[in-house]
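Structure first, then comments.
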Number of protein chains: 2
Amino acid sequence: MKDKMLKYQRIAEDIEHYIVHNRLKQGDKLPVLEELRRKYEVSKSTITKALELLEMKGIIYQVRGSGIFVRRHKRKGYINLDENQGFRSGLDEFQLTSEVLKLEVMNPSEEVMTNLSISAEEEVYYVKRLRFIHGQRLCIEESYYKKSVVPFLNEQIVSESIFNYLKEGLKLEIGFSDNFFHIGKLTKTEANLLALRTGDPGMYYESVYHLTNGEAFDYSKLVYNFQEAQFYLQINSLS
Amino acid sequence: MKDKMLKYQRIAEDIEHYIVHNRLKQGDKLPVLEELRRKYEVSKSTITKALELLEMKGIIYQVRGSGIFVRRHKRKGYINLDENQGFRSGLDEFQLTSEVLKLEVMNPSEEVMTNLSISAEEEVYYVKRLRFIHGQRLCIEESYYKKSVVPFLNEQIVSESIFNYLKEGLKLEIGFSDNFFHIGKLTKTEANLLALRTGDPGMYYESVYHLTNGEAFDYSKLVYNFQEAQFYLQINSLS
DNA sequence: TTGATAAATTATACCGGTACAATTATAATT
DNA sequence: AATTATAATTGTACCGGTATAATTTATCAA
């Protein structure tokens with residue numbers, strides 16, 4: 001769990017726990033920087049780094065001349081897109097299960113080659129799953145993993161959280177992802193899998209995940225059930 | 001334009017321009033940190049800050065021990081949700097126009113009171129627009145602005161970019177926003193406005209915008225045309 | 001040629017300092 | 001009481017330093 005956590009990470013985590021544990025709400029004031037610095041016995045810049053991390057995560061916001069405040073929104077039950085590597089929603093997990101429809105090694109199609117920037121020779125794992133949230137059909141998921149990065153997958157792993165396996169098992173570090181989506185009408189096949197009707201609304205979501213060194217290793221296509229899926233996204237002004 | 005730009009902002013902008021101007025692509029290497037430091041004649045930490053900003057914007061990624069690389073995805077025509085304050089898509093703007101359906105001062109409904117954290121007495125501007133992209137119906141937009149923050153709006157302002165007016169005209173600084181969305185079927189009224197059919201797919205998108213001091217000032221509800229709207233979202237692993 | 005080992009490169013963590021800008025609290029003035 | 005000027009608070013910009021971890025390159029041995 002704590003492979004050798006950095007100071008600022010540990011502090012950020014501690015402050016987040018403090019916020020959650022004490023049930024602080026939007027706008028509540030945290031101790032001032034200098035006070036935090038004394039408490040954790042680190043330099044000012046380390047505290048600043050920790051707070052910056054929390055700010056990016058949408059946990060706090062800082063106001064110059066004023067203080068450090070808690071940032072929280074009220075709505076529950078939304079999938080947080082900011083941290084959708086395995087659908088963790090802050091601290092309380094969603095109850096997700098999966099039915100594996102297909103698992104095989106194959107050569108990439110044109111589409112997969114483009115999105116993963118690989119040649120036709122390079123092999124990929126293909127995983128097709130039906131995912132459930134609280135027992136309801138949430139989405140159809142088709143994923144392609146570079147075999148050179150993810151050398152082994154089996155039914156067992158794939159029926160649980162793949163990203164958890166990638167991080168804990170393979171010690172892969174995910175750096176960033178590109179995500180594309182649009183709305184459309186379900187085909188007959190899709191509708192059948194989601195227990196909906198042909199032509200019903202669906203959200204088509206594509207992701208390309210990259211390691212910290214920039215290498216793309218996973219291309220995934222999802223089709224969401226319009227009745228079950230609702231999303232949250234926090235956006236910070238960058239300046 | 002350059003109210004008094006900070007060093008790291010100016011440098012970040014310069015590097016971004018360099019990337020665009022020289023048409024660098026995904027994975028291209030930028031000069032090493034020490035070289036940039038010499039070029040811009042600033043301290044290491046200022047360069048670091050500039051690069052951090054570019055990294056958050058999804059322009060570059062950095063690899064320890066290796067270097068600084070350009071991050072670009074290929075797809076065009078997607079609305080970038082990361083910088084959707086007025087729908088700027090990087091450097092090339094979308095061709096957006098608006099038809100104003102309603103503009104008035106009113107007292108907030110329960111829904112608006114909740115989302116803006118205000119009382120029934122506080123007045124808000126209500127703006128309803130139909131927005132077009134390249135002449136096609138893109139979305140219906142209903143926005144509520146706190147009158148205490150946005151004291152004046154007129155037909156002229158509202159028919160153009162409201163956020164541009166808020167930033168340039170009122171010098172408001174937007175800090176962050178909470179965004180919620182889900183998929184559904186269009187009502188008759190919505191379908192009429194978007195020139196679609198009742199029951200066609202639609203994306204329902206809600207935003208709450210906050211100033212840098214944390215105060216919520218704008219609550220907006222959008223309904224997107226499924227045929228026109230496609231979205232892009234870059235997500236960085238935070239650690 | 002291969003594969004292991006060492007060295008150089010490069011970004012990041014962390015320190016502690018000064019200066020400054022935005023806000024808030026206090027005092028002075030009307 | 002309300003306004004205005006002043007001071008204190010507080011987060012941010014920027015500096016330049018040491019140490020370290022990840023990667024790449026160079027070196028050496030088999």
Side-chain angles (χ1 to χ4, degrees), chain A residues 2-13 15 27-56 60-71 171-176 211-215 236-239, chain B residues 2-13 15 27-56 60-71 171-176 211-215 236-239:
Chain A
K2 50 187 70 174
D3 267 333
K4 175 58 173 73
M5 242 183 168
L6 300 171
K7 281 190 184 180
Y8 78 90
Q9 291 177 331
R10 205 185 46 72
I11 294 170
E13 210 172 67
I15 294 176
D28 283 356
K29 198 163 188 276
L30 290 175
V32 300
L33 213 150
E34 172 57 21
E35 200 172 321
L36 293 171
R37 195 195 61 68
R38 279 201 307 276
K39 172 175 178 188
Y40 291 106
E41 294 176 309
V42 292
S43 83
K44 181 185 37 164
S45 50
T46 301
I47 290 289
T48 303
K49 193 93 203 292
L51 294 173
E52 205 172 83
L53 179 56
L54 289 172
E55 194 160 30
M56 289 194 290
I60 63 162
Y61 59 93
Q62 301 183 75
V63 185
R64 185 207 204 95
S66 182
I68 304 158
F69 304 90
V70 173
R71 174 178 172 197
K171 298 288 180 199
L172 292 185
E173 297 194 56
I174 292 106
F176 53 88
L211 300 175
T212 46
N213 67 3
E215 181 182 7
N236 290 350
S237 275
L238 301 176
S239 54
Chain B
K2 52 187 69 171
D3 267 332
K4 176 55 171 73
M5 241 182 171
L6 299 171
K7 282 190 184 179
Y8 78 89
Q9 291 176 331
R10 205 185 47 69
I11 294 170
E13 210 171 67
I15 295 176
D28 283 356
K29 197 163 189 277
L30 289 174
V32 300
L33 214 150
E34 172 56 22
E35 198 172 322
L36 293 171
R37 196 195 60 69
R38 278 201 308 275
K39 172 175 177 189
Y40 292 105
E41 294 176 310
V42 292
S43 83
K44 181 187 38 165
S45 50
T46 301
I47 290 288
T48 304
K49 195 91 203 291
L51 294 173
E52 204 172 83
L53 180 55
L54 289 172
E55 194 160 30
M56 288 194 292
I60 62 162
Y61 60 93
Q62 302 182 73
V63 186
R64 188 209 206 92
S66 181
I68 305 158
F69 304 91
V70 174
R71 174 177 172 196
K171 299 286 179 200
L172 292 185
E173 297 194 58
I174 293 106
F176 53 89
L211 300 175
T212 46
N213 68 5
E215 182 183 7
N236 290 350
S237 276
L238 300 176
S239 54

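Residue numbering restarts at 1 for every chain, and letters A, B, ... go by the order of the sequence lines. When reading the values below, keep in mind they use all heavy atoms of this one structure, side chains included, and skip hydrogens, waters and symmetry mates.
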Output a table of nitrogen or oxygen pairs between the protein and nucleotides 18-20 of chain D separated by less than 3.5 Å.
{"unit_1": "D/dT18", "atom_1": "O4", "unit_2": "B/Lys44", "atom_2": "NZ", "d": "2.8"}

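- Checked by atom type, the side-chain pair B/Arg64/A/Asn213 shows no donor-acceptor distance below 3.5 Å.
- Atom P of nucleotide D/dC14 and atom CE of B/Met5 are separated by 11 Å, given to the nearest angstrom.
- Partners of B/Lys39 by side-chain contact (heavy atoms from CB on, under 4.5 Å), not counting sequence neighbours, listed by chain and number: B/Asp14.
- Following rounding to the nearest Å, A/Ile60 (CD1) and D/dT10 (C1') show an atom-to-atom distance of 14 Å.
- Between A/Thr212 and B/Ser45, the one whose closest nucleotide on DNA chain D sits nearer the 5' end is B/Ser45.
- Two residues, A/Ser66 and A/Ile47, neighbour DNA chain C, and the one matched to the more 5' nucleotide by heavy-atom proximity is A/Ile47.
- Of the side-chain N and O atoms in A/Gln62, one or more sit less than 4.0 angstrom from OP1 or OP2 of D/dT12.
- Nearer to the 5' terminus of DNA chain C, by closest-nucleotide assignment, is the contact made by B/Lys29 (compared with the other of A/Thr46 and B/Lys29).
- Straight-line distance from the NZ atom of B/Lys49 to the C1' atom of D/dG11: 11 Å, rounded to whole Å.
- For DNA chain C, the residues of residues 35-43 of chain A within the heavy-atom distance limit of 4.0 Å (strictly under) are A/Val42, A/Ser43, sorted by number.
- Among residues two or more places apart in sequence or in another chain, the side-chain contact (heavy atoms from CB on, under 4.5 Å) test is passed with A/Ser43 by A/Ser45, A/Thr46.
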Legend entry - Pairing annotation in dot-bracket form, given for DNA chain D with Watson-Crick or G-U pairs under 3.5 Å and | for cross-strand partners: ||||||||||||||||||||||||||||||
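- OP1 or OP2 of D/dA13 has at least one side-chain nitrogen or oxygen of B/Tyr8 nearer than 4.0 Å.
- Atom-to-atom, CG of A/Leu33 to C1' of D/dT12 comes out at 9 Å; the value is rounded to the nearest Å.
- A/Leu51 comes within contact range of no nucleotide atom at all, as no heavy-atom separation falls under 4.0 Å.
- At distances below 3.5 Å, not a single donor-acceptor pair connects side-chain atoms of B/Gln62 with backbone N or O atoms of B/Gly67.
- Scanning DNA chain C 5' to 3' for nucleotides with an atom closer than 4.0 angstrom to a non-hydrogen atom of chain A gives a first and last hit of C/dA13 to C/dT24.
- If you measure from atom CD of A/Glu34 to atom P of D/dG11, you get 10 Å, rounded to the nearest angstrom.
- The nearest heavy atom of DNA chain D to B/Lys7 and to A/Ile68 marks one nucleotide each, and the one closer to the 5' end goes with A/Ile68.
- With A/Leu30 as the fixed residue, the side-chain contact (heavy atoms from CB on, under 4.5 Å) test singles out one of A/Leu54, A/Leu51, A/Ile15: A/Ile15.
- Listed for the A/Gln9 side chain is a donor-acceptor partner under 3.5 Å among the backbone atoms of B/Ser239.
- Note: CG (B/Leu6) to P (D/dG11) measures 18 Å, nearest angstrom.
- Annotation: salt bridge (Lys or Arg N to Asp or Glu O under 4.0 Å) contacts of B/Glu35 (sequence neighbours excluded): none.
- Every side-chain hydrogen bond (donor to acceptor under 3.5 Å, both in side chains) that A/Glu215 has, sequence neighbours left out, goes to A/Lys146.
- Shown here are the side-chain hydrogen bond (donor to acceptor under 3.5 Å, both in side chains) partners of A/Arg38, two or more places apart in sequence or in another chain: A/Glu34.
- Atom P of nucleotide D/dA22 and atom OH of B/Tyr61 are separated by 18 Å, given to the nearest angstrom.
- Contact annotation: the side chain of B/Leu36 approaches that of B/Ile68 to within less than 4.5 Å [non-hydrogen atoms, C-beta and beyond].
- The side-chain heavy atoms of A/Lys49 and A/Lys7, taken from C-beta on, include no pair separated by under 4.5 Å.
- Checked against ring pair (Phe, Tyr, Trp, His ring centres under 6.0 Å), A/Tyr61 has the following partners two or more places apart in sequence or in another chain: A/Phe69, B/Phe176.
- Not a single salt bridge (Lys or Arg N to Asp or Glu O under 4.0 Å) links A/Arg10 to another residue, sequence neighbours left out.
- Evaluation of the side-chain contact (heavy atoms from CB on, under 4.5 Å) rule for B/Thr212 yields B/Glu173 as partners, not counting sequence neighbours.
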